[in-house]
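These notes concern the structure reproduced below.
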Amino acid sequence: MYRRLKGTKDILPDEIYQWQYIERTIRDHLERNNYQEIRTPVFEVTELFARGIGSDTDVVSKEMYTFTDKGDTSLTLRPELTAPVMRAYIQNNLGQINPVTKLYYIGTLFRQERPQKGRLRQFNQFGFEIIGSEHPEADAEVIQTVYAIYHNLGINDLKVRLNSIGSRSSRQHYLKILQMALEKHLGNFCASCQQRFEKNILRLFDCKVDSCQALLDHYAPSILDHLSNEDVQHFEEVQALLNAAYVPFEIDKKLVRGLDYYTRTTFEITSSLLGSQDAVCGGGRYDHLAEDLDGSPIPAVGVASGMERLLMILNEINAIPQKETKLIYTAVLGENARQVAFNLVSLLRSRGYQVDMDFMRRSLKAQMRDAGKKQAKWVIIIGTDEIQKDKIVLKNMASGEQKEVQLSLAADQIETIVK
RNA sequence: GUGGGUGUAGCUCAGGUGGUAGAGCAACAGGUUGUGGCCCUGUCGGUCGCGGGUUCAAGUCCCGUCACUCACCCCA
């Protein structure tokens with residue numbers, strides 16, 4: 001038997017409604033905020049991600065599905081969407097049309113990690129980006145908007161964690177100070193922290209070992225104390241705007257993100273209803289990504305949100321409305337009724353009704369049971385008796401009432417009865 | 001890549017100290033000669049993840065292996 005690959009999922013019919021529901025809600029909300037959808041290819045040249053995300057990041061160095069095509073070009077299944085969107089923005093000169101471009105996407109991503117709760121190898125994200133504005137309004141809108149989308153879906157107890165990791169120049173400066181401050185205590189950190197110290201020192205703040213966190217609290221200078229004046233002002237304005245929009249947040253000076261392109265604002269929204277992978281979304285500002293991809297410099301902010309994680313929360317709090325069906329089920333009895341029924345079914349369908357009929361030539365009892373199971377609102381019964389009288393029976397499944405309708409007028413009559 | 005947990009019917013799971021498998025739900029049929037939900041009855045359905053070993057005998061004990069899952073790591 002063939003099985004689905006590790007870390008992938010089949011989304012079966014009884015679950016698909018949930019996806020359609022959140023996708024619809026997300027699209028509606030983002031369209032209202034005047035974002036436009038963009039769809040980019042699922043694979044790109046590997047270098048796009050190496051340069052965009054950073055070749056030292058875990059995502060690029062060990063989690064990508066990379067292969068070579070017949071032309072010997074190295075290609076990669078996209079592990080995130082910000083770099084592809086920026087690539088599309090640059091390639092199609094979207095900046096020429098408008099100084100500010102607001103884009104959103106809903107798409108599938110691939111990362112070769114060990115699967116666990118809230119983490120798959122093929123997964124889906126929605127996200128959106130504001131490209132062209134360096135101002136704090138853009139940062140605040142991004143955060144306010146995801147927050148509002150979650151709220152709209154019925155999620156309330158979320159934690160918004162906010163930080164600024166400064167512009168590139170002030171961060172370079174800070175990293176040196178951090179390195180000097182921690183060097184002499186390095187021996188007291190755990191093994192993986194010692195590796196992080198060499199590779200990407202900011203990641204030390206992610207460590208879950210208590211003793212490491214205590215050392216950081218004692219000896220690590222805060223990045224917030226080493227921002228430039230412009231960085232500070234930007235950060236403060238973002239906070240003021242969030243307060244103005246009543247978006248609750250907390251400053252987390254240890255919040256660092258795993259992708260190299262971030263500058264200044266970084267944020268993450270977490271939920272206690274998820275497993276140890278508790279971030280529903282993460283994002284921030286990336287003012288140098290365009291340049292890193294050989295485009296002209298353009299500031300941008302954005303966010304990416306995990307769809308599977310979002311669904312996990314919604315199921316946890318039971319916030320997905322029931323799918324409502326308006327099904328009309330057609331029960332057929334006897335040889336000579338079949339064509340009449342088939343004709344009526346296709347007529348009703350062409351008028352926009354959701355109609356189904358029995359394919360098993362079963363007893364009426366079985367067909368009624370089937371109709372009940374499928375949650376049909378109405379059942380049309382067409383049998384030999386009806387054909388003789390030139391009538392059909394229309395039964396309301398909720399009340400149990402049924403009435404006879406002239407066959408030749410059935411389509412019109414049903415319209416007024418079913419409504 | 002490293003650890004822990006779990007693998008018995010379509011689904012959820014029972015099966016002390018070894019004696020070749022069971023329940024509930026689901027599916028299907030019947031209880032009405034043409035009428036669903038509730039109830040009753042019956043039917044269908046399993047190489048007990050896979051391979052090997054111990055034994056007269058293994059779902060049960062031992063070894064191996066695979067899969068799923070949670071956690072580390074990292075992130076959405």
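Proteins get letters first, then strands, A, B, ... in listed order; numbering begins at 1 in each.
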In the structure shown, which nucleotide is the Watson-Crick or G-U wobble counterpart of [N], with both distances under 3.5 Å?
N	answer
B:A71	B:U2
B:C28	B:G42
B:A57	none
B:U33	none
B:A23	B:U12
B:U65	B:G49

Looking across every strand, which nucleic acid part, if any, lies under 4.0 Å from [X] by heavy atom: base, sugar-phosphate, or nothing?
X	answer
A:Gly400	base
A:Leu120	base
A:Ala371	nothing
A:Arg309	base
A:Ile381	base
A:Asp385	base

Please report the distance, rounded to the nearest Å, between [atom1] in [X] and [atom2] in [N].
X	N	atom1	atom2	result
A:Gln112	B:C74	CD	C1'	14 Å
A:Lys6	B:U69	NZ	C1'	10 Å
A:Glu335	B:G34	CD	P	16 Å
A:Glu63	B:C74	CD	C1'	6 Å
A:Leu364	B:U32	CG	C1'	11 Å
A:Phe267	B:A76	CZ	P	10 Å
A:Glu386	B:U35	CD	P	12 Å
A:Asp370	B:G37	CG	P	12 Å

With a 3.5 Å cut-off and just heavy-atom distances, do the side chain of [X] and the base of [N] make a donor-acceptor pair?
X	N	value
A:Gln402	B:U35	yes
A:Lys365	B:U35	no
A:Gln375	B:G37	no
A:Arg119	B:C74	yes
A:Arg369	B:U35	no

In whole Å, what separates the [atom1] atom of [N] from that of [M]?
N	M	atom1	value
B:G42	B:A26	C1'	16 Å
B:C68	B:G31	P	46 Å
B:A14	B:C66	P	26 Å
B:G52	B:A71	P	36 Å
B:A9	B:G5	C1'	24 Å
B:C40	B:U47	P	30 Å
B:C44	B:G36	C1'	22 Å
B:C62	B:U69	C1'	25 Å

Would you tell me if any nitrogen or oxygen in the side chain of [X] comes within less than 4.0 Å of OP1 or OP2 on [N]?
X	N	result
A:Lys373	B:A27	yes
A:Gln116	B:C72	yes
A:Ser363	B:A29	no
A:Arg3	B:C68	no
A:Lys117	B:A71	no

* Could you check A:Thr384 against A:Gly118 and say which one's nearest nucleotide on RNA chain B is further toward the 5' end? => A:Thr384
* To do: Map A:Gln277 and A:Leu5 onto RNA chain B by nearest heavy atom, then report which one ends up closer to the 5' terminus.
  => A:Leu5
Distance-only polar pair, side chains of [X] and [Y], donor-acceptor under 3.5 Å:
X	Y	value
A:His288	A:Glu291	yes
A:Gln172	A:Arg168	no
A:Thr76	A:Thr66	yes
A:Tyr104	A:Glu31	yes

* Please confirm whether the backbone N or O of A:Val355 pairs with a side-chain atom of A:Arg349, one donor and one acceptor, at under 3.5 Å? => yes
* Validation row: A:Leu162, A:Leu242 side chains within 4.5 angstrom (heavy atoms) -> yes
Taking the side chain of [X] as heavy atoms from C-beta outward, which of [options] is closest to it?
X	options	answer
A:Asp58	B:U35, B:C74, B:A29	B:C74
A:Gln125	B:A76, B:C28, B:G34	B:A76
A:Arg114	B:C73, B:G1, B:A76	B:G1

* Asked: Do the rings of A:Tyr262 and A:Tyr286 sit parallel, tilted or perpendicular, given the 30° and 60° boundaries?
  -> perpendicular
* Can A:Lys254 and A:Asp252 be counted as an ion pair, charged N to O under 4.0 angstrom? -> no
* **Worked check of salt bridge (charged side-chain N to carboxylate O under 4.0 Å, His left out) between A:Glu404 and A:Lys389** => CA-CA 10 Å; A:Glu404 291 195 333; A:Lys389 290 190 285 184; 2.8 Å; yes
